[in-house]
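Remarks on the structure that follows.
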Amino acid sequence: MKNNKRYLPEGKYVMMGNVAMAEGALAAGLSFFGGYPITPSTEVIEHLSKRLLEVGGSCMQMEDELGSINAVIGASLVGAKAMTATSGPGLSLMVETISMAANLEIPFVLCDVQRIGPGSHGPVTAPHHNDLGLIRFAGHGEFQVIALAPMNCQELFDLTIEAFNFAETYRCPVFILSDAYLGHLHEPIYIPPKEEIITRVINRELPQDYTKKFSYKDDNIGGYIIPKPPIIGTDYFPLMTLHLPHNYEGLPGVSALLFMEILIEKIKTNIDKISITDEYKLDDVDIVIIAYGLPVRACYHAVDIARKEGIKVGIFRLVTVWPFPDEKVKKVVKNVRAIIVPELNYTGFIAEQVERVTKLETPIIKIPKVGVLHHPDDILKVIREVSK
Amino acid sequence: MSGMGPIYPKEKPDHPYVQFSTGGYLFGNYNSLFCAGCGYGIIGHIFTRVFEDEKIEPKLFPLIIGIGCYTQLVTLVHHTSQKFFALHGRAPAVATGMKMANPKLKPIIFSGDGDCFGIGGNHFIHMCRRNLDCVIFIFNNSIYGMTGGQAAPTTLYGAESTTTPYKMFENRIDGVNLALAAGATYIARTTVAHPRTLMKYFRKALKHKGTSVIEVITPCVTYFGRKNLDRLGVEYLDIIGEKMDNTGRMLDWIKRNSVRINQAKFMTDEELFNNYIIGEFRYEPDKPEYSEEYAKIQKIAMEEK
Amino acid sequence: MPKLIENKEKKFTLFLNKDRCGGCRACIAICPTGILELSDELNYRIAYVPKIKEGKAKYCTGCRRCEYCCPDWCIYVLEEEEIQAERAKT
């Protein structure tokens, strides 16, 4: 007896970021959550411990992060949409399992509520976008992941549904890069009616063709076919689930080189469908700001003021932070005098990617901040210096 | 899985259970890849025999295999059982996820002594604490076999291995006491030299609602037997034993060293030194099983307005 | 298909698939009546294959302990009906 408590009635709510993400997961069809309390992502498991049971799902607080990510893998194998939420130290424990899940293409979503840097002490409720360095290569071996970066609670709700859709279609680890401030931010959000949400969600079903269970390269089409995820308890399950280079049946029969190509290219070739970006006043620009996550909100204000002063500046915002959209960025920064990259970390992970793409022809100015958000004046000062 | 082993002409009438094993089902006639004298071939045979005789619905009993020599059991177990390879030690956590996402399933876990008490100890303890409905086999050959014979948490006192060249001196984990303390509701230990009791325990565990822990003492001739005397731990009787370099001598050593529970009550600790106590240690069928209790709470949550 | 023992009264036969044997001698150790011993004949896997001791064939009770404990599943006991069923099938 499925009650309809899964979807909140349509309307405006004031919600905490973590809770909005949890509600987004419920709307996306979540039925298993395995987690472990860690500041600042504890509110997710607290909220789901109540809400997930109301919809007939199960929410398990496991003995450690290793247990929770492995429980998520077990649940996803059995056909349940599963996710976990953790922070930096928990993610470091989950890395081996993420690598195994990427090899066997087991879909799951991981919400990483990032907190300050290495180690486990320090101000744990301060944001620090440092996990992107780890998430891009989360685990031994070569594979590709998808990382989405929301900037407000409304996007935490919407992007979680997108994250589950990416996980189901591309069968790779999908991360939601929230952080301590965004996770604890209370903001009004609008939840659409149930009928509209249902149209957005891709459900887990069995395919018609039971012969192919893992991704493979189709030579006559020249592309990569990603079949639906196999489910234990049904006939649609491979003979072997070996974590070694395997063909579409799970048996060893593919060269390791080709297997790595499949794991990476199956995402890279679909980059136009995966890459979500946003633009703000980019029609005629001399200076471009490339940013993601919370810093973007300060940029809006700075750009408005700068535009009044006659400076041609605009924002190119990355919502899908990884894989990095090389082509789009090339087009945006073609005839631009300078690029400003405000990031909530010191090394500037996205700044590095921009340097790689532009091959250093245009100057790139980083505005690093750790644990403290960018103030619009910080960005405005840099815009004014550059525009001289 | 490299090298599927030599394939022989099909002999009539063949072993009744070869065609049910995965290798036999695929290639018709197949043998295991284990070292001569290993106990895992026996366990694969018993698993296939019970799977076939019990006529159980194979899809409801997913098999989760940890990391160790027993991963080769995948070609010996029943061909209809759905097999999943978990990471080293994480099989109990994967089983928890599977059980909670689909309560109709009852996962069966193959785990080794290093896999379960070493790296996966925390997950094993918490799975037993929750009394999750599943069966966990712990193959105790008191050595890390796959990586070449290192000392395991259950290596006997005075044993030689590649990482204890000067005799093992640490205390060893007693799996059964660990499971008793953690709260599993059906705990038994048997050895490969008593195959019928292993089958009896496995059938009972399949019907038992709750965590069934079955520790199986298996011989590892290549890395444990060849290096240790069969008088291991009873040197005080000053009988000089000889190396257990074939499975016959090792099986005799296991039979000699395994003591039944009732008999162990009357033996002093010194006599029980380096011995395995076999039998059923706990059987509480009426203890609440985790997923059933969880379903009750789910019902309350779903009815609440 | 070498029949090790053909027991007419109890109507069972002990079979041995010579080529599959790995020479681990588990059956020799586990046989309660101890009627098996190593033969000096090498098989496809370069291992010595078990054989019945002289005149000890009648002590075999068909308890299947050797069948359970064989890692390569090559020694096994078949009842009369099973043999007919097997032949009828193939």
Side-chain angles (χ1 to χ4, degrees), chain A residues 1-3 5 31-34 49-82 84 96-97 99-101 103-104 106 108 230-235 237-244 246 250-252, chain B residues 1-2 22 25-26 57-65 67 71 74-75 79-80 82-105 107 119-127 129-130 132 290-291 294-295 297-305:
Chain A
M1 105 347 218
K2 273 275 172 255
N3 53 30
K5 289 190 177 176
S31 65
F32 181 86
F33 182 89
S49 295
K50 182 176 185 310
R51 279 283 285 139
L52 196 47
L53 269 73
E54 284 172 6
V55 302
S58 45
C59 175
M60 289 286 295
Q61 184 189 322
M62 299 295 288
E63 55 274 6
D64 50 23
E65 279 93 358
L66 283 165
S68 43
I69 185 71
N70 275 282
V72 161
I73 297 294
S76 180
L77 272 169
V78 175
K81 283 196 174 180
T84 182
E96 182 199 11
T97 314
S99 161
M100 178 263 274
N103 180 311
L104 287 172
I106 301 165
F108 69 94
I231 297 173
I232 281 189
T234 66
D235 293 338
F237 194 72
L239 188 65
M240 301 277 177
T241 55
L242 301 162
H243 321 161
L244 48 78
H246 47 254
L251 292 170
Chain B
M1 292 305 289
S2 61
T22 308
Y25 176 73
L26 288 177
E57 166 49 34
K59 301 243 175 329
L60 296 184
F61 294 85
L63 180 60
I64 305 168
I65 302 175
I67 300 286
T71 45
V74 85
T75 56
H79 65 90
T80 56
Q82 297 189 323
K83 308 165 264 287
F84 177 67
F85 285 95
L87 287 171
H88 192 30
R90 313 302 172 201
V94 173
T96 314
M98 276 188 192
K99 181 69 189 174
M100 296 317 295
N102 182 355
K104 289 197 295 298
L105 299 181
I119 188 169
N122 194 18
H123 306 300
F124 170 68
I125 291 168
H126 285 277
M127 184 182 71
R129 169 180 68 87
R130 293 193 188 98
L132 190 86
Y290 189 78
S291 58
Y294 202 88
I297 296 165
Q298 264 173 345
K299 222 154 72 58
I300 299 164
M302 288 164 94
E303 277 143 13
E304 219 172 59
K305 281 300 154 286

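Letters A, B, ... are given to chains in the order of the sequence lines, protein chains preceding strands, and every chain is numbered from 1. In this text, all values refer to a predicted model and were calculated from it rather than measured experimentally. These numbers come from the heavy atoms of this one structure, side chains and all, not from hydrogens, waters or symmetry mates.
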For the interface with chain B, which of Leu52(A), Thr97(A), Asp64(A) has the highest count of heavy-atom pairs at distances below 4.5 Å?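 Ranked by contacts with chain B, first place is Asp64(A).
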
Interchain contact, [X] with chain B, by part (heavy-atom threshold 4.5 Å):
X         : answer
Ala80(A)  : side chain
Met100(A) : side chain
Ser68(A)  : neither

Please flag which part of [X] lies under 4.5 Å from any non-hydrogen atom of chain A: side chain, backbone, both or neither.
X         : value
Leu105(B) : side chain
Arg130(B) : side chain
Ala91(B)  : neither
Tyr294(B) : side chain
Tyr290(B) : side chain

Atom pair [atom1]/[atom2] of [X] and [Y] - distance to nearest 0.5 Å:
X         : Y         : atom1 : atom2 : answer
Ser31(A)  : Asn102(B) : OG    : CG    : 10.0 Å
Leu26(B)  : Leu251(A) : CG    : CG    : 8.0 Å
Thr241(A) : Lys83(B)  : OG1   : NZ    : 9.0 Å
Thr96(B)  : Met60(A)  : OG1   : CE    : 5.5 Å
Met98(B)  : Ile73(A)  : CE    : CD1   : 10.0 Å
His123(B) : Glu63(A)  : NE2   : CD    : 5.5 Å

Test applied, side chain to side chain contact (heavy atoms under 4.5 Å, CB included); reference residue, Gln82(B); option that passes from Ile232(A), Ile231(A), Leu77(A): Ile232(A)

In terms of heavy-atom pairs under 4.5 Å with chain A, which of Lys99(B), His126(B), Met127(B) leads?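 Most pairs with chain A among the choices: His126(B).
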
For a side chain to side chain contact (heavy atoms under 4.5 Å, CB included) check, start with the C-alpha distance between Tyr25(B) and Leu239(A), then their side-chain angles and the critical distance, and finish with the verdict. CA-CA 12 Å; Tyr25(B) 176 73; Leu239(A) 188 65; 6.0 Å; no

Taking His243(A) for the side chain and Phe85(B) for the main chain, is one N or O donor matched with an acceptor at less than 3.5 Å?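 Checked: pair present.
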
Please lay out, stage by stage, how Thr22(B) and Met240(A) fare under the test side chain to side chain contact (heavy atoms under 4.5 Å, CB included). CA-CA 10 Å; Thr22(B) 308; Met240(A) 301 277 177; 4.2 Å; yes

Identify the two heavy atoms, one from Lys59(B) and one from Asp235(A), that lie closest to each other, and give their separation to 0.1 Å.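 It is CE-OD1, 2.7 Å.
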
